[in-house]
Amino acid sequence: MKRCQLLIVDECDKASNKIYRKVFRFWFKGPRRFGCSATPFDKAKPIENLYVREHFGSLIYQIKRHDVEKCGRIIPIKYVMMAMGEDGNRHDDTTFDIAVKELIIENSDFHQLVAKIVKAFPEDGTLILVGRTGLGMALERLVPDSIFVCGKTSRKRRRQAFHNFEARKITCLIGGKIVKRGFDLKGGCENLIICNSGKLRSDFLQQVGRALRINKKGFARIFDFYHLNNKYLYAHSRKRLKFILTEGYDTVVQFRLGKISGQDLVKRRFRTPKF
């Protein structure tokens with residue numbers, strides 16, 4: 001690598017870890033280095049941003065999403081947030097980990113809602129992203145014609161699962177952290193369900209990116225969840241809604257009795273409308 005004159009790093013926002021620091025400090029001595037990423041910097045990660053800037057410098061070129069769509073490299077999406085826990089207390093201060101366990105991982109109502117979304121599109125390929133193995137396994141048991149893959153899944157079984165989903169021999173693929181970033185499925189997916197409760201812009205947009213891959217329909221649906229029964233999950237939901245609006249996508253927030261555009265809900269300062 002010391003003789004190399006040019007280094008190109010994909011997903012360069014991840015080039016802030018110890019391994020990459022050693023690459024740039026000891027191994028690569030060439031004059032040119034370039035990094036590519038859909039999310040090069042995240043305001044919530046100031047330390048990582050410093051390392052990325054140290055390794056690659058400032059942005060020298062960026063392209064707008066609409067221009068990439070015009071080139072036929074990505075497809076438009078329809079983003080829907082489903083309200084959860086409308087009868088709950090959005091200011092409940094149960095700790096984040098406990099809230100995730102009780103309201104997402106072990107919440108049968110949540111599982112049933114995810115399964116209902118999948119069932120509504122029986123002819124489509126649906127990709128479900130989960131953050132916890134327990135949730136992935138629970139959904140695999142509940143959703144017909146589905147398979148769950150994660151880091152512990154053998155490579156052989158993973159490859160077979162990806163191939164079967166791409167060929168639509170199975171219609172639902174449930175993926176853990178290994179499919180959230182930099183993972184491309186041939187033929188994309190028609191529906192993406194985000195079952196995570198994160199608040200980082202870069203992580204969220206990388207997950208959204210799984211639905212931007214070219215598919216037969218020319219567009220994809222993304223389903224996310226607007227949690228109203230815990231202050232941490234509620235805060236994270238609001239952040240994700242703002243992130244997707246910043247990217248210029250039209251959004252809908254679906255309540256039990258009606259729906260409202262995401263933009264209007266933000267303008268209302270997240271006050272639930274009366275339908």
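In this structure the side chain of Tyr249 never reaches within 4.5 angstrom of the side chain of Ile222, judged on heavy atoms. Residues Arg53 and Ser58 have side chains in contact (heavy-atom distance under 4.5 Å, counting atoms from C-beta outward). Looking at Ile104 and His227, their side chains come closer than 4.5 Å, going by heavy atoms from C-beta outward. Looking at heavy atoms from C-beta onward, Cys195 lies in side-chain contact with Ile128 at the 4.5 angstrom threshold. Two residues are said to be in side-chain contact when any heavy atoms from C-beta on lie closer than 4.5 Å; Gln160 and Lys169 fail this criterion. At least one side-chain heavy atom of Ile77 sits under 4.5 Å from a side-chain heavy atom of Val208. Arg33 is not listed as a side-chain neighbour of Cys12, based on a closest heavy-atom distance of 4.5 Å or more. Residues Pro273 and Phe255 meet the side-chain proximity criterion, which asks for heavy atoms closer than 4.5 Å.
Between the side chains of Thr95 and Asp97, no donor-acceptor pair is found at a separation under 3.5 Å. For the residue pair Asn196 / Gln207, a side-chain donor-acceptor distance below 3.5 Å is found, with atom types taken as modelled. When only modelled atom types and interatomic distance are considered, Glu190 and Thr126 share no side-chain donor-acceptor pair under 3.5 Å. Defined by atom type and a distance below 3.5 Å, a donor-acceptor pair is present between the side-chain atoms of Thr272 and Arg90.
For Gln263, the CD atom sits in a loose shell: 12 or fewer heavy atoms of surrounding residues, nucleotides or ligands are nearer than 6.0 Å. More than 12 heavy atoms of other residues, nucleotides or ligands shown are found within 6.0 angstrom of CG on Leu6. Other residues, nucleotides and ligands contribute at most 12 non-hydrogen atoms within 6.0 Å of the CZ atom of Arg32. Residue Lys217 qualifies as enclosed at atom NZ: its count of foreign heavy atoms under 6.0 Å is above 12.
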Between Asn230 and Leu103, is a side-chain contact (heavy atoms from CB on, under 4.5 Å) present by the stated rule, with each step listed? CA-CA 9 Å; Asn230 175 266; Leu103 301 176; 3.9 Å; yes
Working for side-chain contact (heavy atoms from CB on, under 4.5 Å), residues Ile260 and Val252: CA-CA 6 Å; Ile260 183 175; Val252 170; over 6 Å; no
Should Phe225 and Phe110 be marked as a ring pair (Phe, Tyr, Trp, His ring centres under 6.0 Å) after you check the CA-CA gap, both sets of side-chain angles, and the distance that decides it? CA-CA 10 Å; Phe225 299 94; Phe110 179 75; 4.7 Å; yes
Which is it for Glu69 and Ile75 under the side-chain contact (heavy atoms from CB on, under 4.5 Å) test, yes or no, and what are the steps along the way? CA-CA 6 Å; Glu69 285 183 7; Ile75 57 176; over 6 Å; no
Worked check of side chain to side chain donor-acceptor pair (under 3.5 Å) between Asp13 and Ser37: CA-CA 7 Å; Asp13 54 307; Ser37 176; 2.8 Å; yes
Checking Asp250 against Lys78 for the side-chain contact (heavy atoms from CB on, under 4.5 Å) test, could you report, in this order, the C-alpha distance in whole Å, the side-chain angles of both residues, the deciding distance, and whether it holds? CA-CA 7 Å; Asp250 292 330; Lys78 298 179 180 180; over 6 Å; no
Which is it for Arg256 and Asp87 under the salt bridge (Lys or Arg N to Asp or Glu O under 4.0 Å) test, yes or no, and what are the steps along the way? CA-CA 10 Å; Arg256 187 185 304 120; Asp87 298 327; 3.4 Å; yes
Test salt bridge (Lys or Arg N to Asp or Glu O under 4.0 Å) on Asp145 and Arg168 and set out the steps. CA-CA 10 Å; Asp145 197 27; Arg168 295 300 185 264; over 6 Å; no
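Scanning both residues, Lys45 and Ser202, for their nearest heavy atoms gives NZ-OG, 3.4 Å. Nearest approach of Asp93 to Lys231, heavy atoms of both residues: CB-CE, 3.7 Å. Residues Thr171 and Pro122 share a closest heavy-atom pair of CG2-O, 4.1 Å. The shortest non-hydrogen separation linking Ile214 to Gly72 is CD1-O, 3.3 Å. Across all non-hydrogen atoms, the minimal contact from Val253 to Gly262 is CG2-CA, 4.1 Å. Closest approach of Ala44 and Leu200 over heavy atoms only: CB-CD2, 3.4 Å.
No continuous path of hydrophobic side-chain contacts links Ile98 to Val100 [ILVMFWY only; heavy atoms under 4.5 Å]. One hydrophobic cluster, built from ILVMFWY side chains closer than 4.5 Å, cannot hold both Ile47 and Val52; they sit in different ones. Under the 4.5 Å side-chain heavy-atom criterion for Ile, Leu, Val, Met, Phe, Trp and Tyr, Phe148 and Ile117 are members of the same hydrophobic cluster. Hydrophobic clustering, with ILVMFWY side chains joined whenever heavy atoms are under 4.5 angstrom apart, keeps Phe219 apart from Ile193. Hydrophobic clustering, with ILVMFWY side chains joined whenever heavy atoms are under 4.5 angstrom apart, groups Phe275 together with Leu265.
Between the CD1 atom in Ile105 and the CZ atom in Arg132 there is a gap of 4.5 Å [rounded to 0.5 Å]. Note that CD1 of Ile170 is 7.5 Å distant from OG of Ser146, once rounded to the nearest 0.5 Å. In this structure, Glu140 CD and Leu135 CG are separated by 11.5 Å, a value rounded to the nearest 0.5 Å. Rounding to the nearest 0.5 angstrom, the gap separating the CG atom in Leu241 from the OG1 atom in Thr251 is 5.0 Å. To the nearest 0.5 Å, atoms CD1 (Ile194) and CG (Asp224) are separated by 5.0 Å. The line from CG of Leu212 to CG of Leu205 is 9.5 Å long, rounded to the nearest 0.5 Å.
Using modelled atom types, one side-chain atom of Lys29 and one backbone atom of Arg25 make a donor-acceptor pair closer than 3.5 Å. Listed for the Gln5 side chain is no donor-acceptor partner under 3.5 Å among the backbone atoms of Gly30. Counting only distance, with no hydrogens or angles, the side chain of Arg240 and the backbone of Gly198 share a donor-acceptor pair below 3.5 Å.
Checked against side-chain contact (heavy atoms from CB on, under 4.5 Å), Arg21 has the following partners two or more places apart in sequence or in another chain: Lys18, Tyr51, His55. With sequence neighbours excluded, the residues that form a ring-ring contact (aromatic ring centres under 6.0 Å, His included) with His236 are Phe96.
Between Phe56 and Phe34, the ring center distance fails the sub-6.0 Å criterion.
The pair Glu247-Arg201 meets the salt-bridge criterion, with a side-chain N (NZ, NE, NH1 or NH2) lying under 4.0 Å from an Asp/Glu carboxylate O. A salt bridge links Asp184 and Arg213; the closest N-O separation between the charged side-chain nitrogens and carboxylate oxygens is under 4.0 Å.
Using bins of under 30°, 30° to 60° and over 60° for the plane-to-plane angle, the ring pair Tyr234/His91 lands in the perpendicular bin.
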